[in-house]
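To find a chain, count down the sequence lines: A is the first, B the second, and so on, and within it residues start at 1.
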Amino acid sequence: MFGLDRKDTALLAIVALLTLLAPFILNPFPAGSAMAQFNAGYPDLMQRFVIFGIFAIGFNILFGLTGYLSFGHAAFLGVGSYAAVWMFKLLSMNILPAIFLAVVIAGLFALVIGYVSLRRSGIYFSILTLAFAQMSYALAYSVLTPVTNGETGLQLTLDDPRILGSSATADGSIPVTSLFGFEMRSATELALGPWTFTFSVGYYVCAVAMILAFYMAIRIFRSPFGMMLRAIKSNQTRMNYTGLNARPYTLAAFVISGMYAGLAGGLLAAMDPLAGAERMQWTASGEVVLMTILGGAGTLIGPVLGAGFIKYFENIFSKINDNILHGWFAFMPDGLEDAVVFLLHPFIGKGWHLTLGILFMLVVIFLPGGLVEGGQRIWAWVTGKNRRSAKKRATTTEPAE
Amino acid sequence: MGILEIKDVSKRFGGLKALTDVNLSVKENTCHAIIGPNGAGKSTLLNCLVGKLIPDTGSVMFDGQSVLGRAPFEINQMGISRVFQTPEIFGELTVMENMLIPIFAQRDGAFRLHAIESVGRESEVIQRAEAMLEEMNMADKKHMNSASLSRGDKRRLEIAMCLSQRPRLLLLDEPTAGMARADTNNTIDLLRQIKEERDITIAIIEHDMHVVFSLADRITVLAQGTPLVEDEPQNIRGNPKVREAYLGESA
C-alpha cells in the first residue's frame, strides 16, 4: 500500500495507530491514583513527543544513512520557529503558511550550511556544523535582535499587522493559532470512569504531520537515493570509482533533514507561538543526537522511540521527588527507608540527567543498535528464535526495524 | 590509435621521480599488462589514469578525450571502471545492493534525486543485477552481507560491479594480490572468460607472472618509472633486459 511493501505498510500502520491512540495509551493510570503522575497523555507533552519525533526522524536521514554526524541541527529547528512566528505576525494565524515557510527557510539555511560543512567529513564536519549552529545562536541572541527579539524571544503582539487575519480578537486579546478555524489549543475531554482522556486539535495536527514525515522517511529509506546514502557511509572510495558524486547526495540528505527540523520548529511555534534563541543552543543539537542513538541510528522507528524516551524522562521522571520516594518505600523500617531515599535522591527530580546518562551509556555499550536492538532481542527471546535468527543475522543485514 | 593513449607522462613526488616520460598505447579489445618490480611506478601510473593523481607533464587520452583534471567519478562515467588491489565493496550492504548501485550510477549519472521511487520496483535494474550475479555464479549469495564474503568472492563481486556498468576499459590493480593459488586460478579463469565474451579493453597491473602470461596480449615492462620494453608475452619471456630488470630476481 502507498508504494510500500507489506512489512513497511505494517510498520507505518502500527506507528499511525500508536500515534493516533496516544491519548489513551499514554494515560494508563486513573486520574487521582498514586501512579497518575506517570501519565504522559496530556496535550503539551504528547505534542513534544511527536514534534521531537519528527526532528529525530529527519536527523536520522542524515546521520543514520550517511553517517555524517551533524552537531548543529537545532539551528534549523530554531530558524523554522522564527519563520513560523513571523508568519503569524505578518500574515495570519493559520498554521499552514507558517509551517510551509518554516520548512522552506530551514531548507535554504541547511543548503548554505551544508554546502560549506560538507567539504569535510568525520569530526571536522561535526565541528563545522557545531560552529555554524553556535554562530546562529549567538546572532539570534544578540545581533539579530530586530528579527529575533533577542533574549526575550519572538512573541506575538497586538500591533502585529496580520494582513490576512486580525491584529486582535473582538475582546482585544491576541488571536490564537488555528487551522481553518480549528484552534490549536482547543481540546475535548472524555471521562471514562476514573480515567480522563484529553484530545486536543494541536496534538492531532502534530500527529498527522509525524505520520506523514514517517511515511516520507520510509520512502527515502527504500529508494535508490537512500541506498546511495548508505553506500556513502559504507565506502566512499568505491562510491567515487563507481561514477557517483557523493557531495550532492550528502547535501541533499542534509537539506532534507534540515527541512524536517524546520517542520518540527514550525510545529513548535504553531502549538505555542513564540520562539527563543535557546532552541538553537548546542544542548538542543546534542539532544537530537542522543535521541537518535538511544533509539537506534539507521533504523526507521528508533529515532521516534528515542525522542519519546528522552522527552518522557525530561517531563515525567524529573517530577519524582523525595516525598514520592518516601511514599513508595514507606513499607520499610524508618532507617532503611531514609537510607534508600538518600541513595536514590541524586537520580531523581533534577537529577534525571544522571539517570538518563547512565541509561544512555548502558544502551550504547550493551545495545549498540539502541532500543530497537533491545526490542529485537527481547522478541527473539520470547519467540525462542534465538539460535535461528542469530545465524540469520550473521549473514544478512536487513535494516533493522 | 589505441583507446587509451598515455603521452610523455611524468610525475615527481618531491625529489623522487615516480614516472619519467611514460608513453603507452592500449589497443581496443586487448588485454594489456603493465609489469615491473616494486617501486617501478605502476600504481602511480594507474592513479594518473583514474583521476586520483594529476601528472606533472604529459597527457592521458581515453577515446580521444583527456581524463586529466577530472574527478574519479567523472572518469568512471566516461567508461573506465577500476578494480582495487584490496577489494573495495560496500561492506555494510548486501551483495544485491552492491550490484544495484553501479547499475543505477551508469543509468542515472553521477547524481539523481530519486528519493521517492522504490528500489524494489526498478525491475530493469534488478534484472541486470541478477543476470550479472548469475553469470558470476554468485546468485545464491545475493542476500548475504558483502562483508562476510570470502576474499575471492569479494574480488568476484567487485569485478561484477565494474562489469555491470558495461565499461569500455577495465583497470585491474594486482587483482590476485594476497590470494591463495586456487583463488588466483579462479580469478584468471574469470578474467579470461570476460575477455572472450565481451567487447572490453583490459589494462592490468600485476606482480604475479603466472597471471600476466595467462592473460595478456601485450606487456609493458616498467622499471624505475619508465617503460623498458613493450612487446608480446612470448618475446618478453626471452628478453634479456627484462630478465635482468625483473624476472631474474623473481625467478
Side-chain angles (χ1 to χ4, degrees), chain A residues 1-9 61 64-67 215-257 259 297-298 391-400, chain B residues 50-52 71-84 86-98 100-122 125 141-149 158 161-162 164-165 167 171:
Chain A
M1 226 198 316
F2 315 117
L4 304 180
D5 67 19
R6 203 194 293 166
K7 221 173 120 194
D8 291 336
T9 311
I61 289 174
L65 290 180
T66 70
Y215 170 69
M216 279 304 299
I218 300 181
R219 291 297 293 255
I220 290 173
F221 267 60
R222 300 289 178 250
S223 70
F225 175 73
M227 199 168 66
M228 298 303 177
L229 297 183
R230 285 189 293 134
I232 288 172
K233 185 181 183 180
S234 182
N235 188 339
Q236 287 221 20
T237 307
R238 180 33 85 197
M239 185 88 180
N240 286 331
Y241 287 93
T242 303
L244 292 162
N245 189 359
R247 185 78 61 79
Y249 277 105
T250 45
L251 185 58
F254 195 87
V255 171
I256 290 171
S257 74
M259 288 164 80
K391 220 174 172 183
K392 219 175 140 196
R393 216 177 296 130
T395 53
T396 62
T397 44
E398 291 291 316
Chain B
V50 294
K52 198 173 176 197
F73 74 85
E74 291 171 310
I75 293 174
N76 174 281
Q77 291 285 354
M78 290 168 78
I80 301 181
S81 281
R82 175 183 180 174
V83 172
F84 285 79
T86 342
E88 292 277 3
I89 53 173
F90 301 114
E92 291 163 31
L93 274 55
T94 65
V95 170
M96 188 62 182
E97 287 170 331
N98 268 275
L100 293 171
I101 287 169
I103 301 176
F104 276 121
Q106 193 233 345
R107 193 192 70 175
D108 299 335
F111 172 71
R112 190 179 142 203
L113 188 63
H114 31 26
I116 298 301
E117 298 97 321
S118 163
V119 174
R121 300 193 174 199
E122 300 274 3
V125 176
K141 298 183 174 111
K142 73 175 181 183
H143 294 303
M144 269 176 81
N145 183 357
S146 66
S148 57
L149 291 174
E158 195 188 20
M161 288 163 73
C162 287
S164 70
Q165 299 196 297
L171 296 174

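The contact between B:Glu122 and chain A is made entirely by side chain atoms (from C-beta outward), counting heavy-atom distances below 4.5 Å. With a threshold of 4.5 angstrom between heavy atoms, B:Met78 does not approach chain A through any atom at all. For a residue to count as touching a neighbouring chain, one of its non-hydrogen atoms must lie under 4.5 Å from one of that chain's; by this rule B:Ser118 touches chain A with backbone and side chain alike. Heavy atoms of B:Lys141 lying under 4.5 Å from chain A are absent altogether. Heavy atoms closer than 4.5 Å to chain B are found in both the backbone and the side chain of A:Ala231.
Between the CG atom of B:Leu100 and the CE atom of A:Met228 there is a distance of 8.5 Å, given to the nearest 0.5 Å. Taking OG1 of A:Thr242 as the start and CZ of B:Phe104 as the end, the distance is 13.5 Å to the nearest 0.5 Å.
Most heavy-atom pairs under 4.5 Å with chain A: of the set B:Glu74, B:Gln106, B:Arg112, this distinction falls to B:Arg112.
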(request) Show your working on side-chain contact (heavy atoms from CB on, under 4.5 Å) between A:Asn235 and B:Ile89 and close with a plain yes or no. (result) CA-CA 7 Å; A:Asn235 188 339; B:Ile89 53 173; 5.7 Å; no
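Partner of A:Arg238 under the salt bridge (Lys or Arg N to Asp or Glu O under 4.0 Å) criterion, chosen from B:Glu92, B:Glu88, B:Glu158: B:Glu158. Screening A:Asn240, A:Thr237, A:Asn245, A:Leu244 against B:Pro72 for a side chain to side chain contact (heavy atoms under 4.5 Å, CB included) leaves a single residue, A:Asn240.
For B:Glu117 and A:Arg222, the salt-bridge test fails: no basic side-chain N is under 4.0 Å from an acidic carboxylate O.
Between B:Ile101 and A:Met227, the closest heavy-atom pair is CG1-CE, 3.7 Å.
The aromatic ring centres of B:Phe73 and A:Tyr241 sit 6.0 Å or more apart.
At a threshold of 4.5 Å between non-hydrogen side-chain atoms, the residues B:His114 and A:Ser223 do not count as touching.
Without hydrogens or angle criteria, A:Ser234 side chain to B:Gly91 main chain gives a donor-acceptor distance under 3.5 Å.
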